[in-house]
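Working notes, structure below.
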Protein chains: 2
Amino acid sequence: MASKMMQEPTLLLLTALADEPRHGYALIKEVDTISSGRVRLRTGTLYAALARLQQQGWVQVTGEEVVDGRHRRYYALTKDGVDALVGETARLRATVQEANRRLRLRGVTA
Amino acid sequence: MASKMMQEPTLLLLTALADEPRHGYALIKEVDTISSGRVRLRTGTLYAALARLQQQGWVQVTGEEVVDGRHRRYYALTKDGVDALVGETARLRATVQEANRRLRLRGVTA
DNA sequence: CGACATATGTCGATGATCAACCTATGCTCG
DNA sequence: CGAGCATAGGTTGATCATCGACATATGTCG
């Protein structure tokens, strides 16, 4: 399992869930913020990803509520989800370091 | 252009080309090394990616040679390719930092 | 002679994301 | 009071990078 690297929307989604549970619409705005406006999660991407991550056991629904007549469903990272995010960031950091090391060899200041 | 994030095989491919030009088969082994054996570039992925990156202007063929009766085609990063890699690593580093910051808020030592 | 490393490539399937659409409520502005 | 926007949930078909399998050829080792 989990042999293939996650894509940027998924990584940002897990990052947006890393500190506390959030509901779908809040995740879209949070990802927008985290990525400095670069990534706007589409609902198609979001709900497909949440369904997939739940099936993988990385994310789970922790509650629902109605605020001002609007329904909210909250999602949270599981222990496995936290582990996955920790592992992914470690691997990415290593790759980024290696890329920058090679760029410096070439004379590029990264 | 270049709105969508590159995937891990592409990132590793650019990283493998970051210090010096390499030929296809050498890129497969180099990516394997960089990723500590985690990512084995399939030739389907490699040559499709090289074709795509050439069309994007990030990679170009810099020479060909025959060594021990075997044909080698060398690929290198262009200026745009270097810029793309620098930008990508900067964005990834920022996301990784943000993910780790949130994980620490949760009490996870990343 | 058979197997393996080196070297380049093609092709159909898979799957994550995108773009576009849908429903519904509450608030604000004119 | 009606239009438009932000909030909140979702589905569906298309796109495209990657995967897995296959194809071809040479040099080397046992």
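None of these values were measured; they are calculated from a predicted model. First the proteins, then the strands, lettered A, B, ... as listed; each starts at 1.
- In this structure, B:Tyr47 and A:Leu41 both approach DNA chain C, and ranking their closest nucleotides by distance from the 5' end singles out B:Tyr47.
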For residues 39-51 of chain A, which side-chain N or O atoms pair as donor and acceptor with protein atoms under 3.5 Å away, sequence neighbours left out?
{"residue": "A:Arg40", "atom": "NE", "partner": "A:Asp32", "partner atom": "OD2", "Å": "3.0"}
{"residue": "A:Arg42", "atom": "NE", "partner": "A:Arg40", "partner atom": "O", "Å": "3.3"}

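- Among the atoms of the strands shown, none is found under 4.0 Å from any heavy atom of B:Tyr74.
- Residue B:Thr45 places at least one side-chain N or O closer than 4.0 Å to OP1 or OP2 of D:dC19.
- A straight line from CE of B:Met6 to P of D:dC16 spans 17 Å, rounded to a whole angstrom.
- Between B:Leu46 atom CG and D:dA17 atom P the separation is 14 Å, expressed in whole Å.
- You'll find the side chain of B:Val59 stays beyond 4.5 Å of the side chain of B:Thr78, heavy atoms only.
- Counting all heavy atoms, side chain and backbone alike, A:Ala99 lies closest to B:Ala18 at O-CB, 4.4 Å.
- Only A:His23, A:Gly24, A:Tyr25, A:Lys29, listed by number, bring a heavy atom of residues 16-34 of chain A to less than 4.0 angstrom from any atom of DNA chain D.
- Regarding A:Arg72, its CZ atom lies at a distance of 8 Å from the P atom of D:dG9, rounded to whole Å.
- Following rounding to the nearest Å, B:Glu8 (CD) and D:dT18 (C1') show an atom-to-atom distance of 12 Å.
- Between the C1' atom of C:dA16 and the CH2 atom of A:Trp58 lies a distance of 13 Å, rounded to the nearest Å.
- The salt bridge (Lys or Arg N to Asp or Glu O under 4.0 Å) test applied to A:Arg22 returns A:Asp19, A:Glu20, A:Glu30, not counting sequence neighbours.
- As a whole-Å value, the separation of A:Glu64 CD from D:dT7 C1' is 17 Å.
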Practice problem: Apply side-chain contact (heavy atoms from CB on, under 4.5 Å) to the pair B:Val82 and B:Leu14, showing each step before the final yes or no. | Solution: CA-CA 8 Å; B:Val82 171; B:Leu14 295 183; over 6 Å; no
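- Straight-line distance from the CG atom of B:Leu12 to the C1' atom of D:dA17: 14 Å, rounded to whole Å.
- Residues A:Tyr25 and A:Leu12 are members of separate hydrophobic clusters, defined by side-chain heavy-atom contacts under 4.5 angstrom among Ile, Leu, Val, Met, Phe, Trp and Tyr.
- For the OP1/OP2 pair of C:dA19 and a distance below 4.0 Å, the side-chain nitrogens and oxygens of A:Arg40 include no atom meeting the criterion.
- Sorted by first and then second residue, the salt bridge (charged side-chain N to carboxylate O under 4.0 Å, His left out) pairs involving residues 57-67 of chain B (not counting sequence neighbours) are B:Glu64-B:Arg73, B:Glu65-B:Arg72.
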Quiz item: Once each nucleotide of nucleotides 21-30 of chain D is scored for protein heavy atoms under 4.0 Å, what B/S/- sequence comes out, 5' to 3'?
Solution: B----BB---
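- Partners of B:Asp80 according to the salt bridge (Lys or Arg N to Asp or Glu O under 4.0 Å) rule, which considers only residues two or more places apart in sequence or in another chain, do not exist here.
- Considering all non-hydrogen atoms of both residues, A:Ile34 and A:Thr15 come closest at CD1-CG2, 3.9 Å.
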